[in-house]
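Every chain is numbered from 1, with letters handed out A, B, ... down the list of sequences. FYI, side chains are in, hydrogens and waters are out, and symmetry mates aren't considered; it's all heavy atoms of this structure.
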Amino acid sequence: MLTDACNHAPHDTSPPSGNAMTHDFDHDPPHRNRGDDASRQVDLFDKSPPPWELVAAEETAIARVVFSQSPHGPYDYAIPDAIRSHIQPGSRVRVPLGRRRGGTMGWCIHVDMAGKSRHKLREISELLDEEPLCDPALVRLVLWIAHYYQAPAGQVFDTLIPSSVRSSAGTKQKTYFRADPKDLTEEIVAGLSPKQQAVARMLLAANAPMTAAQISIQVGCTEDPIRRLHKKGLLSSERRREQNSGMTTRWQINDGEAEKTHHLTDSQSDALKQINQAVESEKTKVMLLHGVTGSGKTEVYIRAIEHLVKFGRGAIVLVPEISLTPQTRGRFERRFDSVAVLHSQMTPAERHFQWQRIRSGEVQVVIGPRSAVFAPLPKLGLIIIDEEHDGSFKQDTQPRYHARKVAIARANSLGIPVLLGSATPSLESWHATRTGHAERLSLPDRVRDRAMPDVQLVDMRIKDDRTVGAISRPLHQAVQETIHENGQCILLLNRRGFATTIQCPSCGHVVACPDCDMPLTHHRDGGKAMCHYCDFCIATPPWCPACRFDGIRYGGLGTQKLEVEVKARFPNANVARMDSDTMRRPGSHQKVLSAFRSGKIDILLGTQMIAKGLDFPNVLLVGVINADSALHFPDFRAAERTFQLVTQVAGRTGRGDRGGRVIVQTYSPEHPAIQAASRHDYIGFAEDELVNRKKYNYPPWGSVARIIIRGTEEETTERIAEELVGRIEATRDLLKHEIRILGPAPPPIARLRGKFRFHALLQCPESGPLGETIRRACQDFRIPEKDDVQYVVDIDPMDML
DNA sequence: AGCACGCCGACT
DNA sequence: GTCGGCGTGCTC
């Protein structure tokens, strides 16, 4: 499902100093020892008040504060003496703002103990946390993200610090009572009421602070006598924040079951040596571990972390959203004493608990999806991004950051290395190794001398190879043989649902989503017609809604329909389907995978979630039902995605002693991406594709930004889109920057959730001028509320939909 | 995002 | 004359 979180406004809390970023891998901001950037740079845009308003500048302690809701600031506040020694960048504060009652929560981004201000400043009303939730390095990272991705800094703070941490989920403020023998002499105790005496005696005997609840149970009274004693000043109290008793979190403790450590191959040892050197050098360095599927990248990660743990350092391992298999998790948990696994299904209390564990420094390894790049390890020594090419590392809501880029920025500010791993690196990372921004480490062979699987292309245009349905004759035969040999099959089809179009054969009407204009997908379970771009869902109409014709036709192929076909073709095989429909319940993922591992399932079919990371030695056949599905997207990354998908799913076979083979069905067998994938030729593909991208100055050669404008009224939306793009043109000409502007035009998804959409693509050889131009153009661009139009800026977009 | 200001039309 | 629509601007 696509989301389109809007309401962009230009925000520049702190432009980084120094050189503009040119490419993904330029180590520029946020650099160490540049603490004063914020105040100095913001002045550039300060509209100075007219001279008669100038008040004599006096020295005061000033805090610069940003907000996660509008207005985002930054605003300056006077720091009251009481909190002067505690407030730091990263502290949360409550401040007065406008006429709002109760004040507003904000984040302090800068403090100046001897600042001067032209305005009369209001005072901070309260410091909300004893210890800042964000250390200075993370504050620098926030400001860098806010600048680069053009998001309000306050909103970036909210992304960095989980809401469960901000609200202290799973903890409670408890009051503890203590009895002091000096106050409660025998004499005084004797004069109390019987219940109060009992309470006093018990507490004196216990000689430890207890909560009212504990005391009342122990003594067998209500809480009233305790309160009375406290009121008389005979009991002292203290308040503490504590973990709730209801916490269900258990984390795996190393049970001593040693994982068999394999001997490293020569190339694994070489790579490890380089990584260890980089870690010890305490310098920033980006390394790309390019290892074919099954070459043992995870083992290299583990060894590298084992090494840095010896120095008391910790590591972050980022993994794609859905590929955090219990397998991977288990491997790390067996090899390290203290692992924190972050995942999307955690409860708020659990998340908060893990965050505190990580911050306390007891955690050696953090494993998680893109947001784990913000994990607050106090002694971070290495950031690893596994499957670094994966699209889920880019967030598709504001702030639209890419975890790879953020990881490099964070590593840069700490002076630590970043390790990117993939069998099919993103062209950005590949290009970085060619320009010296990253070092390439190769694992060219699979472990234990296993060969890469043979890949056979089946040309679906040739009628002879195509029987009725989605499965060609060669693939049918291969599945049959595999099952006969007691092997297992994986079939990939990158579309869920049953039928991708519902069309009337009489009048040609296609049932479409009223909010998005996209054809609805028929889901057979429950007979629903669903929009895959929004939540729209209706019962599949039995007649044509346009002409009442009784005989509507289901066209196109989804995983549900494939499942039906596979079951019909191979009635004796056990078939399981894996897509986001069958994997809705937590744990279902693991259930299917363990059934597959144990051999209870012969054929596993599904969407791309089966293409990643699975390691099952008995998979002898992988079938790709339609390799072209991603190829004809109106998107400069279409070829790259196709190559990645085919290569990754092909890598799921040939992992045991019995070898493996791959059958790829395609309507364009001559396409370079599909050809290269069939030869396992990443380098050939990458070099070829780099030439293509160069022709149009697409990434990694140049920088791209996309502006999406959406609104309820088509003409108004288009008018505002044109106005905005016009401003960008004017700003570009003013600044004399080399920027190509395409659009505004309707994107492939021209309507989404009932809103009309327009977009514009901006290209520039360097990201710095591009960002500057957009920032300047959007600076004072206001849209009247009545127009109901919003816009978002997407820096380094991953798709053009 | 709220909230005030101020400028116009419709009304007791 | 006053009430109230909403367009515009400000919040350190």
NZ/NE/NH1/NH2 to OD/OE distance under 4.0 Å, A/Arg637 and A/Glu428: yes
Ionic contact status for A/Lys736 with A/Asp733, cut-off 4.0 Å: no
Partner residues of A/Gln356 under the side-chain hydrogen bond (donor to acceptor under 3.5 Å, both in side chains) criterion, sequence neighbours left out: A/His352
Contact residues, residues 85-94 of chain A to DNA chain C [heavy atom, < 4.0 Å]: none
Side chains of A/Leu133 and A/Trp355 in contact at under 4.5 Å (non-hydrogen atoms): yes
Nearest-angstrom distance from the residue atom CG of A/Asp788 to P of B/dA1: 12 Å
Test: A/Asp135 and A/Arg359 ion pair at under 4.0 Å: no
Residue pairs fulfilling side chain to side chain donor-acceptor pair (under 3.5 Å) with at least one residue in residues 97-106 of chain A, sequence neighbours excluded: none
Of all pairs that satisfy salt bridge (charged side-chain N to carboxylate O under 4.0 Å, His left out), the ones with a partner from residues 65-78 of chain A, not counting sequence neighbours: A/Arg64-A/Asp76
Test item: A/His72 and A/Val66 side chains (from C-beta on) under 4.5 Å apart, heavy atoms: no
Rounded distance (nearest 0.5 Å) linking atom CZ of A/Arg585 with atom CD of A/Gln345: 11.5 Å
What does the list of N/O pairs under 3.5 Å between the protein and nucleotides 6-12 of chain C look like, with a distance for each?
| unit_1 | atom_1 | unit_2 | atom_2 | d |
| --- | --- | --- | --- | --- |
| C/dT11 | O3' | A/Gly98 | N | 3.2 |
| C/dC12 | OP2 | A/Arg122 | NH1 | 2.6 |
| C/dC12 | O3' | A/Asp76 | O | 2.5 |
| C/dC12 | O3' | A/Arg122 | N | 3.1 |
| C/dC12 | O2 | A/Asp76 | N | 2.6 |

Donor-acceptor side-chain pairing of A/Tyr149 and A/Lys405 below 3.5 angstrom: no
DNA chain C-proximal residues of residues 711-724 of chain A, any heavy atom under 4.0 Å: none
